[in-house]
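Since the structure comes first, as structure tokens, the remarks are kept for the end.
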Number of protein chains: 2
Amino acid sequence: MLTAITFSAKTKRMKKSNSHYHHGHLAESLLDAVDEIATQFGIEAVTLRGCAKRIGVSPASAFRHYADKRSLLTVFATRALNQLADSMETSMLQAQESGEDALQAVCMAYVRFALIKPAFFRAMWREEMIYSGDPDYLAATQRLASYLQEGFVKTIADEDPCDFSPQELLAWSTVHGLACLFVDGPVAQEQNTEEKLSLAKTVLTQLTPVFAQQRS
Amino acid sequence: MLTAITFSAKTKRMKKSNSHYHHGHLAESLLDAVDEIATQFGIEAVTLRGCAKRIGVSPASAFRHYADKRSLLTVFATRALNQLADSMETSMLQAQESGEDALQAVCMAYVRFALIKPAFFRAMWREEMIYSGDPDYLAATQRLASYLQEGFVKTIADEDPCDFSPQELLAWSTVHGLACLFVDGPVAQEQNTEEKLSLAKTVLTQLTPVFAQQRS
DNA sequence: GATCAGATGTTAACACTGTTAACTTACAAT
DNA sequence: ATTGTAAGTTAACAGTGTTAACATCTGATC
């Protein structure tokens, strides 16, 4: 009886002004759901039905906002890329204020993000799970690259932002390789985040002589 | 009628000495099927049922040889790792014979493998798709690392083969980052394999001054 | 303010996936 | 020859992405 009452009340509310039929922010909420599930259980555990259930919405509703699962993951990867770029920007500005090495700071921010949010970092580069030709995705990768290019002299061959000088590519490769090996590889597995970061710093410091002659 | 005849003949053959009931090399054949499907359609397209169908065997038969899909992919990743290690070894020996830079040769072999067999390279490091704690898998990664460690002075802290000196880690990171950015990233996408390889060589050459002081 | 189109959600179904249990066949050692 | 075991089959299970057909809400228009 009590359940019947609450149910009728619920039904009444449903049909009144406070109806929940339309969620309102489903596209964003789905991204948040991917966020949470990926953080807790990894990217491979992300499921459209699981995301929908978490939000309290039917499985098919996702397709009103995303063409398919891959599109959702593409937007998620783009979001993650921009989060990484944000923290790189912050680190860069902080370093510039305090007169530290900006390039080093940006590189460390890259590795730190991968260590703190491994599922996000993986999602960014999972070519077969996203539409890597998506304009927004590509723009986000370029933004990321632009922070790594800061501090390098711009050469003539460097005017296309898609293109990288050997020095820039060395920086990106090293930092990206470190992040990948820490996250998915067999390197320093028994060490904690702080130890990995100081190891990363040691590795990156070796590059300073290479970059010294090329800095602006 | 004709179909009936051929069918009965088939049935007869089945029941005679030439029975195909037992495949014989199913474990290996499944690996080959993963190989082919991954090469053609990518790792994400690899399916137990698809592999079984390609071999002409029932879907469930795979579970007599592998505990689950992840186990199969773990063995496949291990196999891929050893293929990469093989080609690194070959390149190293060739360089040593002709008096070239062995480390450079090993690094280039690493990148070349990733470019030629991207699906294999991806499978090696897909943490969430394999059992990365598997002993054989770990042994294969160590073998791989050992070729990158060749040519470096062994320090005291270096006696544990699991551990890497900063120089060794720099080499691995750079080469791994290059490979990943080429395969899954937005770097040099419009360029062909040869161009990418020469770009890789340019990047790696920058490291020689760093390593010069530390070589054996 | 009622009407009506379009955006947004639901339900029910589809084919496909990994996985298991129960059964069958072939081989190999006694 | 018998028989136990390894290696295959079939049939089912729950869970996945995706779609079509339907329902509901919102907001612009008369």
Side-chain angles (χ1 to χ4, degrees), chain A residues 7 10-34 37-38 41-76 123 126 128-131, chain B residues 7 10-34 37-38 41-76 123 126 128-131:
Chain A
F7 179 75
K10 200 173 180 181
T11 309
K12 204 171 183 181
R13 184 158 50 85
M14 289 277 294
K15 294 200 168 182
K16 272 198 169 181
S17 60
N18 197 12
S19 167
H20 292 163
Y21 193 94
H22 283 79
H23 180 280
H25 308 293
L26 194 49
E28 270 196 66
S29 295
L30 280 170
L31 286 174
D32 294 337
V34 174
I37 296 175
F41 308 105
I43 265 289
E44 309 283 342
V46 171
T47 268
L48 278 186
R49 296 178 110 101
C51 293
K53 175 175 281 183
R54 175 173 282 252
I55 301 176
V57 105
S58 85
S61 60
F63 292 89
R64 296 278 169 209
H65 301 271
Y66 300 97
D68 50 19
K69 185 186 182 183
R70 207 167 169 178
S71 297
L72 171 60
L73 292 181
T74 302
V75 178
F76 177 73
R126 206 118 300 183
E128 295 180 335
M129 287 183 95
I130 66 177
Y131 292 116
Chain B
F7 179 76
K10 199 173 183 180
T11 308
K12 204 173 184 180
R13 181 159 51 87
M14 290 279 292
K15 294 201 170 185
K16 271 200 169 181
S17 60
N18 197 12
S19 167
H20 293 161
Y21 193 94
H22 283 80
H23 180 279
H25 309 294
L26 194 50
E28 271 195 64
S29 294
L30 280 169
L31 286 175
D32 294 337
V34 175
I37 296 175
F41 309 105
I43 266 288
E44 309 282 343
V46 171
T47 269
L48 278 187
R49 296 178 110 101
C51 293
K53 175 174 281 182
R54 176 173 281 252
I55 301 176
V57 104
S58 85
S61 59
F63 292 89
R64 296 279 168 206
H65 301 272
Y66 300 97
D68 50 17
K69 185 186 182 183
R70 207 167 169 178
S71 297
L72 171 61
L73 291 181
T74 302
V75 178
F76 177 73
R126 206 118 300 182
E128 297 181 334
M129 287 183 96
I130 65 176
Y131 292 117

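Just so we're on the same page: letters track the sequence lines, and every chain starts at 1. Here the structure is a predicted model, which means the values were calculated and not measured. Only this structure's heavy atoms are used, side chains among them; waters, hydrogens and symmetry mates stay out.
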Taking only the side-chain heavy atoms of [X] (C-beta and beyond), determine which of [options] contains the nearest atom.
X	options	value
A:Leu48	D:dT18, C:dT19, C:dT10	D:dT18
A:Ser58	C:dG9, C:dT11, D:dA7	C:dT11
A:Phe63	C:dG9, D:dT18, C:dG18	D:dT18
B:Lys69	C:dG18, C:dG9, D:dT16	C:dG18
A:Ala60	D:dT10, D:dT19, C:dT8	D:dT19
A:Thr47	D:dT18, D:dC22, D:dG17	D:dG17
B:Arg49	C:dA12, D:dT16, C:dT19	C:dT19

Atom pair distance, as rounded to whole Å: [atom1] in [X] and [atom2] in [N]:
X	N	atom1	atom2	answer
A:Arg64	D:dC22	CZ	P	14 Å
A:Leu72	D:dT18	CG	P	10 Å
A:Tyr66	C:dA7	OH	P	17 Å
A:Ile37	D:dT16	CD1	C1'	13 Å
A:Leu30	D:dG17	CG	P	12 Å
A:Asp68	D:dG17	CG	C1'	9 Å
A:Leu73	D:dT16	CG	C1'	14 Å
B:Glu44	C:dC16	CD	C1'	16 Å

ask   = Do the side-chain N and O atoms of B:Ser71 and B:Asp68 include a donor-acceptor pair separated by under 3.5 angstrom?
value = yes
Nearest heavy atoms of [X] and [Y], plus distance in Å:
X	Y	answer
B:Leu30	B:Cys51	CD2-CB, 3.9 Å
B:Val46	B:Lys69	O-NZ, 3.0 Å
B:Tyr66	B:Ala27	OH-O, 2.8 Å

ask   = Would you say C:dA7 has OP1 or OP2 under 4.0 Å from some side-chain N or O of A:His65?
value = no
request  = Verify salt bridge (Lys or Arg N to Asp or Glu O under 4.0 Å) between B:Glu128 and B:Arg70, making sure each step is shown before the conclusion.
outcome  = CA-CA 9 Å; B:Glu128 297 181 334; B:Arg70 207 167 169 178; over 6 Å; no
